[in-house]
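One structure below.
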Amino acid sequence: MDYNFGEIEKRWQQFWIDHQTYKVTEDTTKPKFYVLDMFPYPSGAGLHVGHPLGYIASDIFSRFKRLQGFNVLHPMGYDAYGLPAEQYAIQTGQHPAITTKNNIARYREQLDKIGFSYDWSREVQTCDPDYYKWTQWAFIKMFHSYYCNQAQQARPIEELIEVFSAQGTKGMDLACTEPMNFTAEEWNAKTEKEKQEILMNYRIAYLGDTMVNWCPALGTVLANDEVSEGVSIRGGYPVEQKKMRQWCLRVSAYAPRLLEGLDSVDWTESLKETQRNWIGRSEGAVMHFDLVSPETSPFPPPAEGGEETSPPTPLHKRGESQPENNKGFFKPTTNKEQWKLLINIAKEYRSNQTESEDILWQALRAGKIGYKIRRQHIVDGYIADFINLEKSVIIEVDGGIHLTKEQKEKDDFRTSVLEQCGFSVLRFTNQEVLTDVQLVANKIKNFLDLLSSAREKTSQSAPLSRGEGQGERSGFDIFTTRADTIFGVTFMVLAPESELVEQLTTDEQREAVQVYLDKTKKKTERERIADKSVTGIFSGSYATHPFTGEPLPIWISDYVLAGYGTGAIMGVPAHDSRDYAFAKHFNLPIVPLIEGCDVSEESFDAKEGIMINSGFLNGMTVKEAIPAAIDEVEKRGLGFRKVNYRLRDAIFSRQRYWGEPFPIYYKDGMPYTISENDLPLELPEVDKFLPTETGEPPLGRAKNWSYLPSAPSTRGRESSDETLGNNLREVKDFGDDSSQSSPSLVGRVGEGYPLELSTMPGFAGSSAYYLRYMDPHNDEALVSRQADEYWRNVDLYIGGTEHATGHLIYSRFWNKFLFDLGVSCEEEPFKKLVNQGMIQGRSNFVYRIKDTNTFVSLNLKDQYDVTPIHVDVNIVHNDVLDIEAFRNWNPEYKNAEFILEYPTPALPVREGGNPNSTSSKMSSPLVEGIEGRYICGWAVEKMSKSMYNVVNPDDIVENYGADTLRLYEMFLGPLEQSKPWDTNGIDGVHRFLKKLWNLFYAGDELTVSDEKPSKEELRSLHKLIKKVTWDIENFSFNTSVSAFMICVNELTSLKSNKKAVLSDLLVLLAPFAPHIAEELWHVIGNQTTVCDAKWPEHNEEYLKEDSFAYAISFNGKARFVMEFPADATTQEIEKAALEHPTSQKWMEGKTPKKIIIVPKKIVNVVI
RNA sequence: GCUCGGAUGGUGGAAUGGUAGACACGCAAGACUUAAAAUCUUGUGACCAUUACGGUUGUGCGGGUUCAAGUCCCGCUCCGAGUACCA
């Protein structure tokens, strides 16, 4: 009987369906194993031969584990929401649901032909309401959660409301959009709407005004991982930056856990590294820089007249004359000379304090009274003794000379000036301070407290950087990882989008700054990346160097990003290449800080060397100086240590139709979640899949897209026990905090408040699908406790690297959130992850002679002026063109002529010539009886329709069978490696299967015998068992296919037909080629399916060889081979080897210096 | 620029520091055929020699460690992937 793969495969596929061979249930008597493929987006093009690569690998692994006695979960489904179906809908009007359904059917048909062991009863589709109900459910939970940085956990937002009403933000460390500080009283005084607005700052799913990637062509925003090099990944349309109010997920809160979790998973280093870079942890410091200019203080506007021409000279209390016009000079000062003077005086004072000043400073410094106090601070030409900038309070201590009447008048005048500037002035005498400094400190504190409560009531609380009382109204914070370079700061730079730009731009510069801002805004992201030229504009303001007091010009430039750190940096041109380029361009000073470094041509960025020009850091190494500098910064209250993450929150809304609707409605402009009982909120029908005339997303076209919550009852708790099945884990209560919900009553869609018009992005549905497979039909929970605790997490996940920074981050985030909720029992969803390589296309070319319809074969083409043309790889076999098929392929080539080439014995046809090859002397005389051939050129390119290099798995299955396809995909090379698909080699594996078949059949006769296998047969088999077992566990499928070939070749030459051997061989082969294995398994008399056979174990006894062939080498070069019995001693081997006549030849009569004998390896004679 | 991979025959690729090129494809020669296909046998890194033998060389380049290096170490070159003003 011949190997009729078509008939066999069809028959067994039907048998598996009929017998539910691949259906799996939670069986606690067996260990579980969860093997998952990244589910596909069903595109209209169908599967090409590259898609099943990972599926075949995972199928082999699943079947292998099952044979080893595991209960294997191996499901499949579809990531069914997505842009292409919607784009198609816009063009054709066909509903995306229909497109998607058709594509899924096509995918399924293709997948079914390959013989996978999926449990299709567990299939999920992300666009199915029964599925996306749980996507919406998770979103509701995120909306009602906040993230506690201390607990490193998501928690119910109700808890936060309680905390706020009891103690305000005091003592809380919360993940948030903007830092806030308020007291319980302040919280309790707020209206419901204000409270909701504040809570939005903390929710894990929140509405935020963020810079988004806006893609005008697609009419939607995109996530960072959906954009590459300034264009959208889907479609390649330009993307611009725009500020919009969008739903976001607070992924950044999980950054530390996402980073740490990587240490516990078995992924490739490179993938973990990609995620580490994406999360981007960097340790550094936030540092505060005060402004030299008082422009940003809440000062009254400048008085009219005069002051322009007379820059203020410093006033100070030690008896110097005051300027005549000292009322209301509040205008920003850009006069460097003046500032230098002031700063020098301030410095001098600081190092030369009076006793009382010193005592008071000790009592006030470093936030001891809960407020940040500075000393010798310059205020509009005066030097204040102590100042709190946040509350605009100045504290003065009278020196000894203030006792005179004249001095008192001066002091009073000075006080009134300062008060006009918006400051409160507290004055203490030396005596008071010296007698009871604590009393004085308390008085100051009380005064500041009073001011706080008074001010907060009338104005919005000012954002603070961290903790209480450290915030500043004057100046700004920067983030740096190189605190050691603080003495090399020569300028400051703000991101153009920074809010500080508006505040810090002086009137003189306003126009120029505006021009610059407009210019940068117009640039698309792409242009900004492409354009490497240095641009920037001076803001007009100066910051004060926190150590030296030097004024530092504040610039604005787009090389600083608003989204990272604080959106402002300190410029250290000597040690940062970007700052260096900026400084060179604008002629700013460059101060080297490391001994011996040369900064005349480029900056010295390395973190090594000895510090110079750096005050207290001098002499330290950079590694010592970084912490030392931060210590000093903290000691002086100028800043604090901070770990920054690059990972940003995920923008979660899309202005598109084909996605999950948000379970959100709006009341008084504030979002509320719909009741969980009303899920799923189904995607409504629309007349067109385009934005509305008013620019709203397509859902704006839906009729009655509104929601009326059920009547309020007692404060509702969404996840109350009655909604939980009794087999469910008690999900931690992350209930609805709005008063609209009720567990017993059901809300109504179609009336009431407007629903959200955006839909969720592609990664929403794929973030928890692996959990749903565990319990896909449960309508009471995403996954039951039992199912989750049995299957736990994915043991093996196979998919492409392209999801490294998208799906694999979001999914881990989503799972960690569900873990915090108590829904998922494992913190990491994917224990082991293997990335299959890309299958590239291998294109073929024909060479058309210019302006003719004549084509010349590859090796003759250099004699002509030719144009290479892609030709369909399916009409080329082993690079030889099927000329008839080519003429029929395209009407244009119907009458094509060909110049063929003829192989010559002397010079065999070279193929694989890359199109640039110069070998051209291939023309050979026409030889009688030898056919000429048209040889095509080839190149490795992306597999795509336009290159005519797409190979369809259906065709392969048709011509060779699914088992051959499976084996050949594996045989192509290592799974993780990218490689081109070349159908040329497929005959080899097909031949192998035929040889295998012939071990069982001679003609139509079944020749299997029950005889005892020979030693050689057993050795061959057990070698294979050992090899294949190891190879599968190590994902080295290509070498196991080789091992099968070797074994079958050996058994063929041994003319083996022993059932004992062949039976085990079939079990080993079953994961790779399940159809033929199943067929022959039954042929030799088994009743049960081969899937439930037992994986054989190898027996070392059978592997023992009687003898070993030693390579005898001299000075490391192997010269000949000698066979020795396996138990030969080294002495015997040495003696025999040296006596061998060939050895004598190689030793040339010399005596060997040393003889190395490695048992079962080699003999090496050193001469 | 940074990070991570990789580089072995005409091709895909093997090789716990121990005979480089397993296993295949392709090609060549032969067998079987009226013929072709299929199948089978043999050969096949390069170079030199070929009258039996045999020899030289060889894993991107240059060094090093070792009795022994495709494999380990140092320095380069080239290719691929990811990322990109992340302070």
Side-chain angles (χ1 to χ4, degrees), chain A residues 228-229 268-278 280-282 284 478-482 485 493 495 528-529 531-532 534 557-561 563-572 575-579 581-582 605 644-648 801-802 804-805 835 837-838 842 878-879 903 905 908-913 938 968 971-974 976-989 991-992 994-995 998 1036 1038-1046 1049 1109-1121 1152-1158 1160-1167:
Chain A
S228 178
E229 297 187 352
T268 59
E269 258 325 295
S270 75
L271 185 61
K272 287 199 215 181
E273 201 56 32
T274 305
Q275 289 217 340
R276 286 194 189 106
N277 291 341
W278 191 259
R281 181 181 197 272
S282 60
I478 57 101
F479 175 75
T480 180
T481 55
R482 292 294 303 273
T485 61
V493 191
R528 219 159 128 168
I529 290 162
D531 185 9
K532 296 267 182 213
V534 178
S557 173
D558 65 3
Y559 85 90
V560 175
L561 305 177
Y564 184 76
T566 60
I569 62 152
M570 63 183 201
V572 186
H575 302 290
D576 182 287
S577 51
R578 295 153 300 173
D579 295 345
F582 193 79
D605 291 12
N644 231 334
Y645 292 91
R646 199 186 82 114
L647 184 70
R648 292 187 225 167
T801 5
E802 66 272 21
T805 51
N835 289 120
M838 285 262 289
R842 185 182 187 276
N878 290 334
D879 293 329
V909 173
R910 294 203 165 218
E911 51 161 324
W938 61 272
Y968 187 58
F971 188 62
L972 225 42
E976 294 93 336
Q977 199 172 298
S978 284
K979 57 240 162 191
W981 176 272
D982 182 358
T983 311
N984 287 345
I986 201 165
D987 291 323
V989 291
R991 251 171 239 154
F992 154 74
K994 281 198 230 171
K995 274 190 205 167
N998 291 332
S1036 181
N1038 56 327
T1039 52
S1040 36
V1041 177
S1042 299
F1044 280 118
M1045 290 172 169
I1046 292 168
N1049 287 344
Y1110 282 89
I1112 313 298
S1113 51
F1114 296 85
N1115 286 340
K1117 286 191 191 290
R1119 294 301 178 180
F1120 64 99
V1121 172
K1153 275 188 200 153
K1154 198 168 160 192
I1155 297 161
I1156 290 146
I1157 297 168
V1158 186
K1160 297 274 165 70
K1161 288 268 161 68
I1162 202 167
V1163 175
N1164 191 17
V1165 181
V1166 186
I1167 305 162

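So that the names make sense, note that chain A is the first sequence line, chain B the second, and so on, each numbered from 1.
For A:Phe1044, the ring pair (Phe, Tyr, Trp, His ring centres under 6.0 Å) partners at least two apart in sequence or on another chain are A:Phe1072.
Distances shorter than 4.0 Å separate some side-chain N or O of A:Asn1038 from OP1 or OP2 on B:A14. Look at A:Ser282 and you'll find a side-chain N or O under 4.0 angstrom from OP1 or OP2 of B:A87. Dashed line: the shortest gap from a side-chain N or O of A:Arg991 to OP1 or OP2 of B:A24 is not under 4.0 Å. Not one side-chain nitrogen or oxygen of A:Asn277 sits closer than 4.0 Å to the OP1 or OP2 atom of B:U3.
Straight-line distance between the P atoms of B:A36 and B:A29: roughly 13 Å, to the nearest whole Å.
A:Ile1156 comes within 4.0 angstrom of a nucleotide base, judged by non-hydrogen atoms across all strands. Among the protein residues, A:Val1166 comes within range of the sugar-phosphate backbone only, with heavy atoms under 4.0 Å from sugar or phosphate atoms but none that close to a base. Within 4.0 Å (heavy atoms only), A:Ser270 reaches sugar-phosphate atoms of the nucleic acid but no base atom.
With B:C4, B:A24, B:U19 as the candidates, the nucleotide lying closest to the side chain of A:Ala1109 is B:U19. Here B:C23 is the nucleotide among B:G13, B:C23, B:G18 with the atom lying nearest to any side-chain atom of A:Asn1049.
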### Task
Treat a base pair as Watson-Crick or G-U wobble with both distances under 3.5 Å, then lay out RNA chain B in dot-bracket form, 5' to 3', with | for cross-strand pairs.
(((((((..(((.....[....)))((((((.......))))))((((.....))))..(((((..]....))))))))))))....

